[in-house]
**Student:** 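Can you read through this structure? Questions will come right after.
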Amino acid sequence: MNTFCRVQVEVGDSVSCGEAVEEVFSELRRLENTFSRYLSESQVSRVNSDAENSPVAVNEEVFQLVARALEISCLTEGAFDISIGADVDFWRQCERDNCLPTSEQIKALKDRIGYKYIALDYQSRAVSFTRPGIKIDLGALAKGYVLDKAVTILKQMGISKACLNLGGNIYILDSQPQDILLRNPLSDESFAARLSLMNASISTSANDERYFLIQNKRFGHLLNPLTGLPAETDILSVSIISEDATFADALSTAIFVLGLKKGRELIGRVKDIQAVIISKDTKVYPVTPGLRSGCNGVYKMEGGKG
Ligand code: AMP
Ligand code: MG
C-alpha cells in the first residue's frame, strides 16, 4: 500500500502477540494483492485492463467494495470518485516528466473520469466501464477497509485491545477511551486537537504530506474529479471519526475536496460520524455536536493548541 503499518495489541492467554500481529499482516498482504492497481495480477488490475471491452467478473469482496464506493460517490456528489485512476496516472506522469499539464490535456482527461461510467452487474458480479479510458483507484478507501478487516480478525481471535495505524488511518479497539493527538498541518511543534476514541477509527486527509512535485511546485495528491485538477480548497486537513473505518477514509477524502462550506453541510447530514476540520485560516472546527459536547460519551474534544 506504499505506506507504513503499526500494530499494537494487548493479548490474553489464548493467543500470542506474534500470532495476532502476523494475522494482521497476512490480511494486509492479501488485500494488497487483491486491490492494488499497481500489481498486474490483482483483481483491480484485471478490471482496469479489460472492463472497457467486456464485463469483468470479480469476487464478492471486490464487488461489494466497488459498490460501496459508488454509493459514497452519490452521497458526496462525485467529490469521492474511484474512477480517478487515469487522472492520478496523468499527474504522476507529469511529475516524472517535470512538465506542467496543458489545458487541452486536462480537458481530454475529464472524459476519462466519472463514477457514472462504472457499471455493475449484480447477477454475474461483474464490473464494466461504459467509456474507454476509465481506470479505478481504490486508494482513498482501501486503508480504512484494511483496518476494518484487521479489527474483525483481532476480535475473532478474542482480542479486545489494540491500536492499528495504517499510513495515518488509526483504529482504536478498546472499550476505554484512548487519546489521539491531531497533527497541526502547519507545524510539527504543536498539535491541533486532542480527541478521545474508543472502538472507533479516525481518518485524516490532507494535501501537505503527499503531492506531485512539478517544476518545484507542489500539487496535492487529492484530486477534484469534476475538474481533473488537484483539489483547490480552503481546508488544510479533515479528520473523520467513525466505527466504520472504510467510510471514514472515503469521507475524509471527499470532505477535503468539497471544502469547508459544502463539507460541513454534508457532515451535518451523515449519521454516526464525528469530524474535525482544520481550515486554511487555521481554525479548528469540531464540526459535529458529538465532539463539542462529548454527547454519547464515545468521542470528546478536549481542546488543543493551534
Ligand atoms: P486519502 O489519502 O485516503 O485521502 O486518499 C488519497 C488517494 O486516493 C490518492 O493518492 C489517489 O490515489 C486517490 N484519490 C485522489 N483524489 C481522489 C478523489 N477525489 N476520490 C477518490 N480517490 C481519490
Ligand atoms: Mg481517504
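For the single chain, residues carry numbers from 1 onward in sequence order. In listed order, ligands and their atoms are each counted from 1. Keep in mind that this is a model prediction, so the values were computed, not measured.
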**Student:** Is the closest side-chain donor-acceptor distance between Glu61 and Tyr145 under 3.5 Å?
**Tutor:**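 Note: Glu61 and Tyr145 side chains meet the donor-acceptor criterion.
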**Student:** For Arg218, does the CZ atom have more than 12 heavy-atom neighbours from other residues, nucleotides or ligands under 6.0 Å away?
**Tutor:**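 Open: at most 12 neighbouring heavy atoms sit under 6.0 Å from CZ of Arg218.
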**Student:** Kindly check if the number of other-residue, nucleotide or ligand heavy atoms within 6.0 Å of CD (Glu22) is above 12?
**Tutor:**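 Yes, the 6.0 Å shell around CD holds more than 12 heavy atoms from other groups.
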**Student:** Tell me whether Leu223 has any N or O atom under 3.5 angstrom from an N or O of ligand 1.
**Tutor:**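 It does: an N or O of Leu223 is found under 3.5 Å from an N or O of ligand 1.
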**Student:** With a cut-off of 4.0 Å, which atoms of ligand 1 are near a heavy atom of Ile84?
**Tutor:**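 Heavy-atom distances to Ile84 below 4.0 Å select 14 (N), 22 (N), 23 (C).
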**Student:** Report the part of Pro225 (side chain from C-beta onward, or backbone N, CA, C, O) that has a heavy atom under 4.0 Å from ligand 1; answer both or neither where that applies.
**Tutor:**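 The side chain, only.
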**Student:** Verify the distance test for Ser205 against the Mg ion (ligand 2): any N/O/S atom under 2.8 Å, yes or no.
**Tutor:**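 Short answer: no, not a single N, O or S atom is under the cut-off.
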**Student:** Give the atom numbers and elements of ligand 1 that come within less than 4.0 Å of a heavy atom of Asp137.
**Tutor:**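 That gives atoms 11 (C), 12 (O) of ligand 1.
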**Student:** What verdict does the salt bridge (Lys or Arg N to Asp or Glu O under 4.0 Å) test give for Lys107 and Glu104, after you've listed the backbone C-alpha separation in whole Å, the side-chain angles of each residue and the deciding distance to 0.1 Å?
**Tutor:** CA-CA 5 Å; Lys107 207 161 157 254; Glu104 284 75 27; over 6 Å; no
**Student:** In ligand 1, which numbered atoms sit nearer than 4.0 Å to a non-hydrogen atom of Lys143?
**Tutor:**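 So the answer, numbered in order with elements, is 2 (O).
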**Student:** To the nearest 0.1 Å, how far is atom 20 (N) of ligand 1 from its closest protein heavy atom, and which atom is that?
**Tutor:**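 Among all protein heavy atoms, the one nearest atom 20 (N) of ligand 1 is Asp81 N, 3.0 Å.
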**Student:** Kindly check if the number of other-residue, nucleotide or ligand heavy atoms within 6.0 Å of NZ (Lys280) is above 12?
**Tutor:**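 Yes, because the 6.0 Å sphere around NZ of Lys280 holds more than 12 heavy atoms from other groups.
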**Student:** At what distance, to the nearest 0.5 angstrom, does CG of Asp137 lie from CZ of Arg37?
**Tutor:**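 It is 4.0 Å, given to the nearest 0.5 Å.
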**Student:** Which atoms from ligand 1 have a heavy atom of Asp249 less than 4.0 Å away?
**Tutor:**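 With Asp249 as reference, the close atoms of ligand 1 come out as 3 (O).
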**Student:** Give a rough value, rounded to 10 degrees, for the angle at the Mg ion (ligand 2) between atoms OD1 of Asp249 and OG1 of Thr253.
**Tutor:**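 Between OD1 of Asp249 and OG1 of Thr253, the angle at the Mg ion (ligand 2) is about 170°.
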**Student:** Is there a polar contact, in the sense of an N or O pair closer than 3.5 Å, between Val257 and ligand 1?
**Tutor:**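 No.
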**Student:** Taking Phe80 as the starting point, is it possible to reach Ile255 by hopping between hydrophobic residues whose side chains are less than 4.5 Å apart?
**Tutor:**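 They do share one cluster, since a chain of ILVMFWY contacts under 4.5 Å joins Ile255 to Phe80.
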**Student:** If you count heavy atoms of other groups shown closer than 6.0 angstrom to CZ of Arg96, is the number above 12?
**Tutor:**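 Check passes, neighbour count above 12.
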**Student:** Within a radius of less than 6.0 Å around CD of Glu77, do more than 12 heavy atoms belonging to other residues, nucleotides or ligands occur?
**Tutor:**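 Check fails, neighbour count at 12 or below.
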**Student:** Should one rank Ala140, Ala79, Ala69 by closest heavy-atom distance to atom 18 (C) of ligand 1, which comes out on top?
**Tutor:**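 Nearest option to atom 18 (C) of ligand 1, by heavy atoms: Ala79.
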**Student:** Output, in order, the C-alpha distance, side-chain angles, deciding distance and verdict of salt bridge (Lys or Arg N to Asp or Glu O under 4.0 Å) for Asp89 and Arg112.
**Tutor:** CA-CA 11 Å; Asp89 291 343; Arg112 300 181 58 192; over 6 Å; no
**Student:** For ligand 1, find out whether one of its N or O atoms is nearer than 3.5 Å to an N or O atom of Arg210.
**Tutor:**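 Yes; the residue has a nitrogen or oxygen that sits under 3.5 Å from a nitrogen or oxygen of the ligand.
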**Student:** Find all atoms of ligand 1 within a distance of less than 4.0 Å from any non-hydrogen atom belonging to His221, and give their numbers and elements.
**Tutor:**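 Listed by number with element: 2 (O), 6 (C), 9 (C), 10 (O), 15 (C).
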**Student:** Around atom 1 (P) of ligand 1, find the nearest protein heavy atom and jot down its residue, atom name and distance.
**Tutor:**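 For atom 1 (P) of ligand 1, the nearest protein heavy atom comes out as Thr253 OG1, 3.4 Å.
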**Student:** At less than 2.8 Å, would any N/O/S atom of Ala140, backbone or side chain, sit next to the Mg ion (ligand 2)?
**Tutor:**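 Here the distance criterion (N, O or S atom, under 2.8 Å) is met by Ala140, so yes.
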